[in-house]
Protein chains: 2
Amino acid sequence: MVAALAGVSRATVSRVVNGASSVDPGLTASVQKAVQALNYVPNRAARTLASRRTFTVTLLVPESTSKVFADPFFAAVVEGVARYLNTTEYMLNMVTSSESNPEKTRRYLLGGNVDGVLVVSHHTGDHSWAHLDGSLPLVFAGRPLLNSADAYFVEVDNEKGAATGTARLTGSGRTNIATIAGPQDMHPGVDRLAGWRGEVLRAGLTDALVEIGDFTVASGAAAMRRLLDRGAPLDGVFAANDQMAAGAYSVIRERGLRIPEDIAVVGFDDDYYATSLTPALTTIHHPISLLGEKMAEVLVDLIEGRPAERITRLPTSLVERESA
Amino acid sequence: MVAALAGVSRATVSRVVNGASSVDPGLTASVQKAVQALNYVPNRAARTLASRRTFTVTLLVPESTSKVFADPFFAAVVEGVARYLNTTEYMLNMVTSSESNPEKTRRYLLGGNVDGVLVVSHHTGDHSWAHLDGSLPLVFAGRPLLNSADAYFVEVDNEKGAATGTARLTGSGRTNIATIAGPQDMHPGVDRLAGWRGEVLRAGLTDALVEIGDFTVASGAAAMRRLLDRGAPLDGVFAANDQMAAGAYSVIRERGLRIPEDIAVVGFDDDYYATSLTPALTTIHHPISLLGEKMAEVLVDLIEGRPAERITRLPTSLVERESA
DNA sequence: TTGTATGCGTTATCAT
DNA sequence: ATGATAACGCATACAA
C-alpha cells in the first residue's frame with residue numbers, strides 16, 4: 001500500500017480510508033494528502049477478500065432478461081435503484097431467476113458474491129425467494145398476502161392512494177361511486193379496495209358498488225359492464241389501476257355515456273394508459289423509480305447494520321386530468 | 001480451498017477449474033466430483049486479486065442515469081449486452097460519465113476495477129473516451145468521422161441499409177426519388193446518404209434531390225418542405241431516420257398529397273415512430289439489441305486476447321409496411 | 001491511538 | 001504433469 005510511504009503505517013491508512021476508529025487528526029490529514037498525491041484508490045477485490053463483503057447488490061427479477069428491459073416498470077425501478085446506489089460504493093448486478101435452474105441462482109446468491117438482494121416481481125410479490133432471508137439481507141417490492149416472517153418490503157401506499165383517488169370523486173359531488181377492484185389475493189387489490197371503501201363510507205355513501213377485475217384492460221371492461229347492468233345509478237368509478245380504467249372507458253362509451261359528465265373515472269398508477277386515453281385519465285401517481293430508490297436504501301441500511309423499517313410505504317399523489 | 005481435500009493439491013484444482021494446461025484425466029475426474037460434492041464455487045474476489053482480472057465490464061453512457069433507462073435505445077442496447085454477458089462469467093456495471101467530474105470516472109476505469117469498457121453515446125460516437133484505449137479494451141457503438149487510431153466499433157450497416165430502403169422505391173417503379181439525409185458530420189448521416197445515392201444512380205436516376213436534416217422531426221418537415229418547393233417531380237423519398245420521415249409525413253399531408261400513392265416514404269431505424277404513423281412506415285430495421293450483444297462479444301474477445309474485427313457491421317432488413 | 005502480523009481464496013512461479 | 005509456495009492488496013485481531 002503505497003500511501004503508507006507518505007505517512008506512517010498501513011493499518012492506519014486503512015483506518016483513515018474507512019473512516020474507522022479514532023485516528024489522530026494530524027495523521028489523518030497527512031494520510032489524506034498522501035492519498036491525494038498518489039491518486040490512491042482502494043482495490044475492490046482485496047477489500048472484499050479481506051472483509052468478506054462484496055459491495056455488490058443483486059436485483060433479482062423473474063422474467064427473462066429480454067423482457068425486463070422493455071418493461072417500463074422495471075426500467076423505472078432499475079433507474080431508482082441505480083440512482084441511489086450511485087451515492088454509495090455499492091455496485092448493482094442483475095440476475096434473472098427463471099433462466100436455467102433456480103439452484104444456480106441460489107448458489108450464486110449464497111456463494112458470497114453478493115451483500116444483499118432486491119427482489120422485484122412485477123407489481124406484486126413473488127416471494128419464492130423468501131427462504132434466502134436470514135442468510136442474506138433481502139428487500140421486496142410489494143408484500144405478499146401472508147406476511148412472511150421477517151422480510152423487508154417497500155410498497156406504494158395503496159390504501160391511502162385509493163382513498164385520495166376516491167375523494168376526488170366524493171369531493172366533486174358524485175354520490176353513486178363504484179369501484180373496479182383488483183384481485184383480492186394480492187395486496188394492491190385488497191388495499192385499494194379498502195381505500196375506496198373507507199372513503200365512500202366516510203362520505204356517507206354506499207359501498208355496495210364493487211366489481212372485481214384482474215388488472216387487465218379486458219377485465220376492466222367486463223367489470224364496468226356488470227356495474228352498468230345492475231341498473232343502479234352511477235356517476236363515478238374508481239378503477240384500481242389505469243388499465244382497468246381503460247377497459248371501463250370503452251364500455252362507458254359503448255353505452256353512450258360521457259366521461260366525465262355522466263360518469264367520472266379515476267384510475268391508479270399513472271402509467272402509459274393514463275395519458276393516452278381520451279379524455280386523459282385523472283389518476284393516482286405510483287412513484288416507481290422512488291420505489292427502486294427506497295428499496296436500495298433499505299437494503300444498504302440492512303447490509304450496514306443500520307435499523308430499517310420493516311415496511312416502507314411510499315406516498316402517492318393525485319394527478320388531475322380530465323376524466324374526473 | 002476445500003476441494004483439495006477430496007483430491008490432491010490445490011494448484012491442480014485451479015488448473016482443472018480453469019481448464020488450463022494438461023491435467024491427468026484421472027485427477028481431473030476426481031477433482032470434478034469433489035467440486036460437485038462440496039458444491040464448490042470459486043471466490044470471485046480472490047480470483048480477481050490473484051489474477052488481476054475483474055471479470056467486470058463497464059457500460060459507459062453519457063447522459064445522467066435517469067434519462068438512460070427511459071430511452072428505448074439504451075434499454076435495447078443494455079438488453080443485448082446483458083444477454084451476451086449472461087453466457088459468460090462477466091458482470092456488467094454501468095457508469096454515467098457526465099455525473100460529477102470526468103476525472104473520477106477515468107480513475108475508476110483505470111483503477112483496475114474493470115476489464116473493459118463499452119462506450120455507448122446515443123446513436124453516434126462521442127469518442128472523448130478514446131484516450132483510454134491502450135490502457136483498457138474499448139468498444140464503441142458507432143464510429144466517429146475521423147477514425148481514431150485503433151479502436152473497435154460496432155455499427156449497423158448504414159450504407160447497405162439505406163441502399164435497401166431506396167431499392168424498395170426504385171423497385172416499385174418510382175423514378176423521382178429524393179432523400180432527407182442526416183447530418184453530414186457523423187457517419188450514419190454520411191453513410192445513409194451514400195447508400196441512397198448508390199442505389200438511385202444504379203437505377204439510372206438523378207441524385208440531385210437531397211436535403212439535409214438533423215434527425216429530428218422538425219428538421220424532417222423542413223427538409224420535405226424544401227424538397228417540395230423545388231417544384232421538381234417527386235414520387236418517393238428515403239428519410240435517413242424514422243423521425244425525419246414523421247416530419248415529412250406532416251408536410252406531405254399539408255400539401256394535400258397522399259402516402260404512398262403520390263409519394264412513397266421509406267425510413268430508417270424502425271423505431272416507435274414507424275408503427276405509430278399512419279400509414280405505418282416502411283423502414284429499415286436497426287437491430288439495436290444485437291448491437292449491444294455484438295459489442296459485448298467483441299469486448300470479451302478483446303479481453304481474452306482473441307482476435308476481433310476492428311469494425312463489425314450489423315445486417316439490416318427491410319420492414320415492409322404501408323408507406324412504400 | 002498506532003503498529004505488527006496474519007489471513008482472505010486464488011493464481012502464478014518455480015521446482016520437482 | 002503436479003506440488004510447494006509466494007504474491008495479490010487490504011482488513012483486522014492483537015499487541016504495544
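Residue numbering restarts at 1 for every chain, and letters A, B, ... go by the order of the sequence lines. Bear in mind that the values here come from a model prediction, so they are computed numbers and not experimental data.
Within the 4.5 Å cutoff, no side-chain heavy atoms of Leu290(A) are placed close to those of His285(A). The shortest distance between side-chain heavy atoms of Asn93(B) and Tyr108(B) falls below 4.5 Å. Looking at Pro287(A) and Val156(A), their side chains come closer than 4.5 Å, going by heavy atoms from C-beta outward. Side-chain contact check for Met91(A) versus Arg44(A): some heavy-atom pair is nearer than 4.5 Å.
A cation-pi contact, defined as under 6.0 Å to the ring centre and within 45° of the axis, links Arg310(B) to Tyr152(B). In this structure, Arg47(B) is positioned above the aromatic face of Phe55(B), its NZ or CZ under 6.0 Å from the six-membered ring centre and within 45° of the axis.
Proximity of Asn18(A) to the phosphate of dA11(D): a side-chain N or O atom is located under 4.0 Å from OP1 or OP2. Between Ser14(A) and the phosphate of dA11(D), there is a side-chain N or O to OP1/OP2 separation shorter than 4.0 Å. Contact check, Arg47(A) against dA11(D): a side-chain N or O comes under 4.0 Å of OP1 or OP2.
Residue Val41(B) is classed as a sugar-phosphate contact, given heavy-atom separations below 4.0 Å to backbone atoms only.
With hydrogens and angles ignored, the 3.5 Å screen pairs a side-chain donor or acceptor of Ser30(A) with a backbone N or O of Gly26(A).
Evaluation of the salt bridge (charged side-chain N to carboxylate O under 4.0 Å, His left out) rule for Lys294(A) yields Glu297(A) as partners, not counting sequence neighbours.
Per the geometry, CZ belonging to Arg52(A) stands 15 Å off C1' belonging to dA13(D), to the nearest Å. Taking atom CG of Leu49(A) as the reference point, atom C1' of dT11(C) lies 12 Å away to the nearest angstrom. Distance, Asn43(B) CG to dC10(D) C1': 14 Å, rounded to whole Å. The CG-C1' distance, from Leu38(A) to dG9(D), rounds to 15 Å in whole Å.
Test Asn43(B), Asn113(B), Thr54(B) against Thr48(B) for side chain to side chain contact (heavy atoms under 4.5 Å, CB included) and you get one pass: Thr54(B).
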Inset, instruction - Treat primed atoms plus P, OP1 and OP2 as sugar-phosphate and everything else as base, then score nucleotides 1-6 of chain D 5' to 3': B for base contact with protein heavy atoms under 4.0 Å, S for sugar-phosphate contact only, - for none. - result: SBBB-B
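One end of the helix from dT1(C)-dA16(D) to dT16(C)-dA1(D) points its axis 30° away from the other end's axis, with each axis taken from 5 pairs and the angle rounded to 10°.
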